[in-house]
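Shown next, in structure tokens, is the structure this report addresses.
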Amino acid sequence: MRRVTVTDPAELPAHALARAIAAREVSPVDAVEAHLARVKRLEPKLKAFVEVYADDARLAAEGADRMIRAGHAVGPLHGVPVALKDLIDLEGRITTGGSAHFRERRATQTATIARRMLAQGMIVLGKTHTVEFAYGGWGTNQHMGTPWNPWDLATPRTPGGSSSGSGVAVAARLAPWAIGTDTGGSVRLPASFCGLTGLKVTIGRVSTAGIVPLSTTLDTPGPMARSVEDVALLYTVLSGPDPRDPNTRGIVPEDPMPVLHRGVRGLRLARMPAAERDGVSSEMLAAYDASLEALARLGAEIVDVDLPFRFVDLVTTSAIVQAECYFFNGTLSEDAAARLDEDVRLRTLAGSGVTAQDYLRTRRMQQEMKAAFARAMDGIDALLTPTTESAAIPLDTVDQAVMPSRFTRFGNLLELCALALPNGFTPEGLPLSLQIVCRGYDEATALRIGQAYQVATEWHLRAPAL
């Protein structure tokens, strides 16, 4: 693997920055200032952040620097900056949930995952933009603003949603890593369009306490970063049971690090059925096929699988998220005077038509499909798909009635885990993405496969020209 000496702390991936800070080669002050300098220079164009906590981040960096120099580092990530999606509560700070209606809503508590990061000495740079109510896959927001995908500075393209600002912030090196949430693909879609690595965890792996909900049945917070190693490192901080989140009870914590570097030799990885190639761009398919070949060269066995569904069928199975979003946001959406994103308002109002029978029928189908998928995957370690059908498209070509979640939605519905990571670029220089889908609570295997792929390739090392 080619190694590059980098003097700017903002150019270091998170794991390397953490090691440099721990070794006192880089101070937390220098790390924070480097990222804030990029934010100051690029944020007017990119609009990744809702709010930047520059003064508080500097104070925290000074404190972290003193503690580390005194030999009192609280953990391996002490002094490393992070950005949070604007669904995640910080006590006393505004959480808009992507809605202009909530521009003055101050949190009365701090989300569990934020507490865990702060307990490690991490420094919050600010809150990043999201689709309103986190209900959309393209990354657009009519009133709060749509972040600019940094891979094309001439044409505004989809940043991916709903964690749009987190994707843009990490891709543009405004933050070494960030937190997103994923209900139908909202970590993986911006990871695909912005050239990042993003982990969709299994329900209950990471607490949602203190996070503005979209669908309590399907919501999963997760890390977005520049490499699998970064994602795995942050995942170990975020995961674990939380008394404030019933979904986490009884979920045994796992540490993915012991198996991260074991490679893929002996693993059986399934290619998607041939019929699923229809509608996928030629560039994405070429990158996908090359990824399968690369993993085969590394010792994995690539096998066929007969799935009990078409991916597109599960995209339209939306009664759960529709009903639950309407429960949380229906009253506001029915107020014609409320200043809402009209595309999101329409999606939310669709939930008013979901009957109790519809909802319960979908929940029963969910369990049946989980069992059928488990049978199809018997003896197979992971299913490999593209993450999206194409690279990021121009914003003026987006059809808001169609979501880009064809390959991602089923992972949430079937309570699986999945990793998205870069696997190529279009001739125009736009990133492409591979998705590694594993059984629920098998994040360690997804990360292991992704790490083997990134050790053998360099797609994740590319950065937009900014």
Side-chain angles (χ1 to χ4, degrees), residues 4 6 8-13 34-52 54 81 83 85-86 98 125-131 136-178 180 188-198 224-227 281 283-284 287 387-398 400 404 420-433 458-466:
V4 179
V6 179
D8 180 358
E11 294 292 342
L12 292 173
H35 287 94
L36 289 178
R38 287 185 69 84
V39 170
K40 183 178 181 179
R41 178 168 67 87
L42 297 172
E43 181 62 11
K45 171 79 170 182
L46 301 182
K47 296 179 173 60
F49 284 90
V50 177
E51 188 175 5
V52 178
K85 184 177 182 177
D86 191 26
L125 292 174
K127 295 279 194 73
T128 56
H129 277 287
T130 172
V131 176
W138 295 111
T140 56
N141 190 309
Q142 292 174 1
H143 298 302
M144 297 289 286
T146 299
W148 191 293
N149 190 318
W151 289 96
D152 186 345
L153 296 180
T155 302
R157 292 179 177 270
T158 50
S162 62
S163 309
S164 52
S166 290
V168 170
V170 178
R173 279 50 174 169
L174 308 184
W177 46 21
R188 291 161 289 162
L189 298 175
S192 179
F193 291 148
C194 292
L196 302 178
T197 302
M224 303 170 66
R226 286 153 53 184
S227 70
S281 73
E283 297 96 340
M284 188 69 79
T387 306
T388 50
E389 291 181 318
S390 71
I393 64 174
L395 286 176
D396 61 9
T397 66
V398 167
Q400 292 287 350
L421 68 168
N423 70 336
F425 285 82
T426 69
E428 297 78 22
L430 301 174
L432 303 165
S433 183
E458 297 190 345
W459 302 116
H460 64 291
L461 299 180
R462 293 197 187 184
L466 297 170

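The salt bridge (Lys or Arg N to Asp or Glu O under 4.0 Å) analysis of residues 143-172, with sequence neighbours excluded, yields the pairs D152-R157. Within the structure, side-chain hydrogen bond (donor to acceptor under 3.5 Å, both in side chains) pairs that include any residue of residues 139-149 comprise T140-Q400, Q142-D341, Q142-D343 (at least two apart or interchain). Sorted by first and then second residue, the salt bridge (Lys or Arg N to Asp or Glu O under 4.0 Å) pairs with a member in residues 158-177 form an empty list; sequence neighbours excluded. Sorted pairs that involve residues 41-50 and meet side-chain hydrogen bond (donor to acceptor under 3.5 Å, both in side chains), not counting sequence neighbours, are lacking altogether.
Partners of T128 by side chain to side chain donor-acceptor pair (under 3.5 Å), not counting sequence neighbours, listed by chain and number: S166. Contacts of T158 classified as side chain to side chain donor-acceptor pair (under 3.5 Å), with partners at least two apart in sequence or in another chain: none. For E51, the salt bridge (Lys or Arg N to Asp or Glu O under 4.0 Å) criterion is met by R93, not counting sequence neighbours. Remark: A175 engages A83, L125 in a side chain to side chain contact (heavy atoms under 4.5 Å, CB included) (not counting sequence neighbours). With sequence neighbours excluded, the residues satisfying side chain to side chain contact (heavy atoms under 4.5 Å, CB included) with P431 are W151, F425. S227 is linked by a side chain to side chain contact (heavy atoms under 4.5 Å, CB included) to H15, E229, D230, Q454, H460, counting only residues two or more places apart in sequence or in another chain. In this structure A172 satisfies the side chain to side chain contact (heavy atoms under 4.5 Å, CB included) test together with L46, P150, L174, L466, sequence neighbours excluded.
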N/O donor to acceptor pairs below 3.5 angstrom from side-chain atoms of residues 189-196, sequence neighbours left out:
from, atom 1, to, atom 2, distance (Å)
S192, OG, T388, OG1, 2.7

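Side chain of W177 to main chain of P81: a donor-acceptor pair is present (N/O by atom type, distance under 3.5 Å, no hydrogens or angles).
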